[in-house]
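As a basis for the values below, the full set of heavy atoms in this structure was taken, side chains included, without hydrogen atoms, waters or symmetry mates. As the structure is a computational prediction, the values presented were derived from the model and not from experiment.
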Amino acid sequence: MFFIIIIILSLFINKFLTKWLGVERKEKISETPGKNIDRWGRGIILLIFLCSLPYAIENRNVIKWYWICFLIVSFGFQSFMEWKYLKTSKQYVITLTYLLLALVIMYFVDYFIYRI
C-alpha cells in the first residue's frame, strides 16, 4: 500500500511540474555530446556504491544513510547532466524534486515500516 501511494504521488508531481514549468521531456542526454560523460559517470557511481555495499550492510543505521548518499549522488549527477546538456529544458528541476521526495521517504522509511 505504501509503495502504491508513493507511485501515485510521483505521477502527480510529475504531471504538475511538467505543466507548471512547461517542461517537455523529448530530449535525452544520450542524444547530446554528454552521452559518454553520462555513461561513465553513472557507471563509476554505481561501481563505487556497489563496492561499498558490503560495509554498509553490517549496521541498520548505516544502510539508511548509505542509500540516502546514493540518492544524493545519483540524482545530483543526473540533474547536473540535464542542466549542463539540456539547456533549453528544465528537466533538472523535476529531477531535483524527485531527489527531495526520495530523501524524505528514505529518511522516514523506518517510521513507515515499523508503524505499519
Side-chain angles (χ1 to χ4, degrees):
M1 184 70 172
F2 174 72
F3 292 112
I4 293 172
I5 292 171
I6 297 300
I7 291 171
I8 291 171
L9 182 64
S10 173
L11 292 173
F12 175 73
I13 289 173
N14 188 20
K15 290 274 188 192
F16 173 74
L17 287 176
T18 302
K19 284 187 178 185
W20 187 51
L21 295 173
V23 175
E24 294 181 17
R25 286 189 167 254
K26 292 182 180 178
E27 248 184 318
K28 296 180 181 177
I29 295 175
S30 61
E31 299 168 352
T32 65
K35 174 181 174 180
N36 288 332
I37 297 170
D38 185 49
R39 279 190 196 162
W40 276 95
R42 288 177 192 253
I44 291 170
I45 290 169
L46 183 63
L47 182 66
I48 289 170
F49 277 93
L50 284 177
C51 289
S52 62
L53 183 60
Y55 302 108
I57 290 177
E58 295 174 5
N59 190 345
R60 195 175 102 209
N61 292 331
V62 173
I63 193 74
K64 178 173 126 175
W65 291 104
Y66 170 84
W67 287 114
I68 288 174
C69 289
F70 176 73
L71 287 171
I72 290 171
V73 172
S74 63
F75 275 107
F77 179 74
Q78 180 180 348
S79 64
F80 174 76
M81 293 300 289
E82 288 173 350
W83 172 78
K84 176 103 172 125
Y85 290 103
L86 303 177
K87 293 276 187 191
T88 59
S89 177
K90 292 184 181 178
Q91 284 179 282
Y92 66 93
V93 176
I94 294 175
T95 304
L96 289 174
T97 305
Y98 278 126
L99 170 62
L100 289 174
L101 178 65
L103 288 177
V104 168
I105 291 168
M106 282 304 295
Y107 186 76
F108 291 109
V109 74
D110 288 343
Y111 175 76
F112 291 122
I113 289 175
Y114 294 114
R115 204 64 158 138
I116 295 175

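The line from CD1 of Ile94 to CD of Gln78 is 11.0 Å long, rounded to the nearest 0.5 Å. Atom-to-atom distance recorded for Ile37:CD1 and Phe77:CZ is 7.5 Å, nearest 0.5 angstrom. The CE atom of Met81 lies 12.5 Å from the CD atom of Gln91; values are rounded to the nearest 0.5 Å. Here OH of Tyr98 is found 12.5 Å from CG of Leu100. Values are rounded to the nearest 0.5 Å.
Grouped with Leu50 in one hydrophobic cluster are Leu46, the linkage being side-chain heavy-atom contacts under 4.5 Å among Ile, Leu, Val, Met, Phe, Trp and Tyr residues.
The number of heavy atoms from other shown groups lying within 6.0 Å of NZ (Lys84) does not exceed 12.
There is a path of hydrophobic side-chain contacts, each under 4.5 Å, that joins Trp65 to Trp67. Cluster annotation: Ile45 and Ile48 are assigned to distinct hydrophobic clusters (Ile/Leu/Val/Met/Phe/Trp/Tyr, side-chain heavy-atom contacts under 4.5 Å, transitive). When the side chains of ILVMFWY residues are joined at heavy-atom separations under 4.5 Å, either directly or via intervening members, Ile29 and Val73 end up in a single hydrophobic cluster. Tyr55 and Leu71 fall into different hydrophobic clusters, where Ile, Leu, Val, Met, Phe, Trp and Tyr residues are linked whenever their side-chain heavy atoms come under 4.5 Å apart, directly or through other members.
Using modelled atom types, no side-chain atom of Lys64 and backbone atom of Met106 make a donor-acceptor pair closer than 3.5 Å.
A 4.5 Å side-chain heavy-atom check between Phe75 and Phe70 finds every atom pair outside the cut-off.
Scored by the side-chain contact (heavy atoms from CB on, under 4.5 Å) test, Ile57 finds Leu53, Ile63 as partners (sequence neighbours excluded). Partners of Tyr66 by ring-ring contact (aromatic ring centres under 6.0 Å, His included), not counting sequence neighbours, listed by chain and number: Phe49. In this view, Phe80 and Trp83 satisfy the ring-ring contact (aromatic ring centres under 6.0 Å, His included) rule, not counting sequence neighbours. Taking the side-chain contact (heavy atoms from CB on, under 4.5 Å) definition, one finds that Ile72 meets it with Ile68, Leu99, Leu103, sequence neighbours left out. With sequence neighbours excluded, the residues that form a side-chain contact (heavy atoms from CB on, under 4.5 Å) with Phe108 are Val104, Phe112.
Here side-chain hydrogen bond (donor to acceptor under 3.5 Å, both in side chains) pairs that include residues 38-50, with residues two or more places apart or in two chains, are Asp38-Arg42.
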